[in-house]
Structures are given as C-alpha cells and as structure tokens.
2 protein chains.
Amino acid sequence: MTSTAPAPAAPEDLLRGAGLRVTAARVATLRAVGERQHATADDVLGSVRAELGTVSVQAVYDVLHALTDAGLLRRIEPAGHPARYERRTGDNHHHVVCRSCGAIGDVDCTVGHAPCLTPSDDNGFVVETAEVTYWGLCPHCR
Amino acid sequence: MTSTAPAPAAPEDLLRGAGLRVTAARVATLRAVGERQHATADDVLGSVRAELGTVSVQAVYDVLHALTDAGLLRRIEPAGHPARYERRTGDNHHHVVCRSCGAIGDVDCTVGHAPCLTPSDDNGFVVETAEVTYWGLCPHCR
DNA sequence: CCCCTTTTCTGGAATGATTCCAGTAACGTG
DNA sequence: CACGTTACTGGAATCATTCCAGAAAAGGGG
C-alpha cells in the first residue's frame, strides 16, 4: 500500500538512515524513549525488557550511547540525577529541572532567541555548544 | 594594629559572618578552594590533609556542603565530571567546560547581559535560577 | 574558666549510576 | 549462504558521594 502521508519515520528507517544496524534492542529503545517525556536508562531498561524479555543492562547503555552519538537521541544530565534521554534533537531547546524531585520540562528558548550563546571571553576554548538549565520547583513539589 | 585597608576577609571572619562555627577543616577548605581555579572534592581533600594531617573524606564533603549552603562557595557539576567548587559567588557568571579533559573556565556573560534567563514557557515550574554551560575544547586539548 | 548541648569529624561500609571485560550471538554485505 | 564486523550477555569493577554510629571539638551560659 502506498500512502502519501508523511508518516512519522519508523524506528527501523531512522536507524538505517543514520547508518546503524537494525537490532531489536535499538528499535525497542527508540520506541521506549519516544513514549515517555524524558526517560532514564532504567526506564528504558524496563520498557525494553517488557517488550523483548531478557535484555542486559549493558545492552541498553550501549544502545543509548550509539543512538545519542548518531544524533537520534539527546542526552540530558542534570546535576545530581541520573541521565535522561529524549527524541527532540537538533532544535536548541533547553530544560527546567525540579530541584526537589528531578522532574524535567522542555523549554523553547524563544525569548530574545539566541541567548548569550557566544561567551564574552572564551578563555581560549573552542566553544561548540551552549546549554541552559533552569532550576526550580515543579507544580507537584511546591 | 588598626589597618585602614579593606583586607580580603579572613576565612575565620567569613565563617563567623555566615553564622558557621570556625573549625580547622573549614578554614583550610576555604583557603584550598581559593588557591585553585575550580577545585574538586579530591583536590580539597589533598590540600587540607597536607595542611592539617589526617582529615576524613566525610569531613571534606560535610564542609563543602556547609560552605555551599552558606553561600561561601559555589558548586559546579559538569555532566560526566566530579563536582567542582569555587569562591566566586553571587555574580551570575557561567562556565566553559572542555569535553575532553574537563577543564573549566569562567565566563562573564556580558553579551546582551541577562540572557533568556526567563523561559518562554515554564511548564508551571517556579524557576529560581538559570545556569549556562558552554561545551567545547580547551586550548590544551585541541 | 569549666560544663553542657549542639555541631562536627572519624572510619568504615554502602549506594547507585555507569563502565570494563571476555565470550557468544546477530546483522547484512558479497 | 558464509564470513567479518558489530552488538549483546553476564558478572565484576569503578568512582563520586552518602549513610551510619560513635568520638571529639565548638562556644554560650553559669
């Protein structure tokens, strides 16, 4: 059947498009991250195991790294909390992190667009990316 | 002797001023952090032990927390690297982190001053602080 | 100046996320 | 369909940081 609708790219195609081998663990991981807001490695492990049965911890970390390196996932590492992964990549958006429970929200940085993404003095560093993290309390914790 | 010069506040006075008890570990820690750019807990442990002899790991972490809570130190926690401490507090400055060796540099965010420190959509969160981290390569690593 | 309550420090074990390692299994090109 | 490369398994190890219970200081009151 030839649909003309621009169906949301299937995990398999995303993987092939990124030059990665298609494996059950990768497909399941991609789906698991997509079904959740900001998944931790543990969340993914749970979802993937529910779908495929036995999957090693290492496999999930390997997959998460491979997908992140390939640009299919973005890793967020809030201080004091385990890393989280999301599928929104490429758009320079930021995050609000609850300092109490660690909940995370997306923030489109539209206010004045490009913020101070260019440091006033780069100390000789070659700056590649700027990352903004907002800290506060989520609706549930306050 | 009554000097009129505004001497840089002595560690002891800083501690008392913050309502903290003055202990050898705290004075030594304050000095250790001041003598280094961005000290890790381990750096501090080394300096403090060199100065005082035996000091427990826990003591250093306790001190570092107490001083950070009191506002005498600022903690920086770059993803993938151990936490670092600095004495420049109160001025909303940011950091450049080398993605290779973890080296850190200070960045005064003067470009357009207050960046997008106010998220366009706070997701219902009560935002308290905004933190900007620049990632790149330090002069030595590139 | 000494006592007493509170806070801090000691030492050792525990935690939790993530990684290392060596061997086995699966992918997909030819 | 065979083979070389890449991925996955299972278990142990790492590293920063924290937990715990008891011993030792800090400093205000008497």
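Naming: A, B, ... by sequence-line order, numbering from 1 per chain.
Side chains of B:His93 and B:Glu86: a donor-acceptor N/O pair is present below 3.5 angstrom, by distance only. Between the side chains of A:Arg36 and A:Ser47, a donor-acceptor pair is found at a separation under 3.5 Å.
Once rounded to the nearest 0.5 Å, the distance linking OH of B:Tyr85 with CZ of B:Arg74 reads 13.0 Å. Distance OH/B:Tyr61 to OG/B:Ser56: 11.5 Å, rounded to 0.5 Å.
Salt-bridge annotation for A:Glu77 and A:Arg84: absent, with no side-chain N of the basic residue lying under 4.0 Å from a carboxylate O of the acidic one. Ion pairing between A:Arg26 and A:Asp62 fails under the 4.0 Å rule for side-chain N and carboxylate O. Taking a cutoff of 4.0 Å between a charged side-chain nitrogen and a carboxylate oxygen, A:Arg75 and A:Asp69 do not qualify as a salt bridge.
For the contact set between residues 64-85 of chain B and DNA chain D, defined by any heavy atom under 4.0 Å, the members are B:His65, B:Pro82, B:Ala83. Non-hydrogen atoms lying under 4.0 Å from DNA chain D are contributed by A:Arg21, A:Thr23, A:Ala25, A:Arg26, all within residues 20-37 of chain A.
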- Query: Can you give one letter per nucleotide of nucleotides 9-15 of chain D, 5' to 3': B if a protein heavy atom sits under 4.0 Å from the base, S if only from the sugar-phosphate, - if neither?
  - Reply: BB-----

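The stretch residues 9-18 of chain B participates, sequence neighbours left out, in no side-chain hydrogen bond (donor to acceptor under 3.5 Å, both in side chains) pair at all.
Applying the ring-ring contact (aromatic ring centres under 6.0 Å, His included) test to A:His38 and every residue at least two apart in sequence or in another chain returns A:His95.
We find that OH of B:Tyr61 is positioned 17 Å from C1' of D:dC20, with the value rounded to whole Å.
Counting heavy atoms from C-beta on, the side chains of B:Cys138 and B:Cys101 come closer than 4.5 Å.
For B:Arg49 (side chain) and B:Thr54 (main-chain N/O), no donor-acceptor pair under 3.5 Å exists by modelled atom type. In this structure a side-chain-to-backbone donor-acceptor pair under 3.5 Å is missing from B:Arg87 to B:Val33.
Between the two ends of the helix from C:dC1-D:dG30 to C:dG30-D:dC1, each summarised by a five-pair axis, the helix axis turns through 30° (rounded to 10 degrees).
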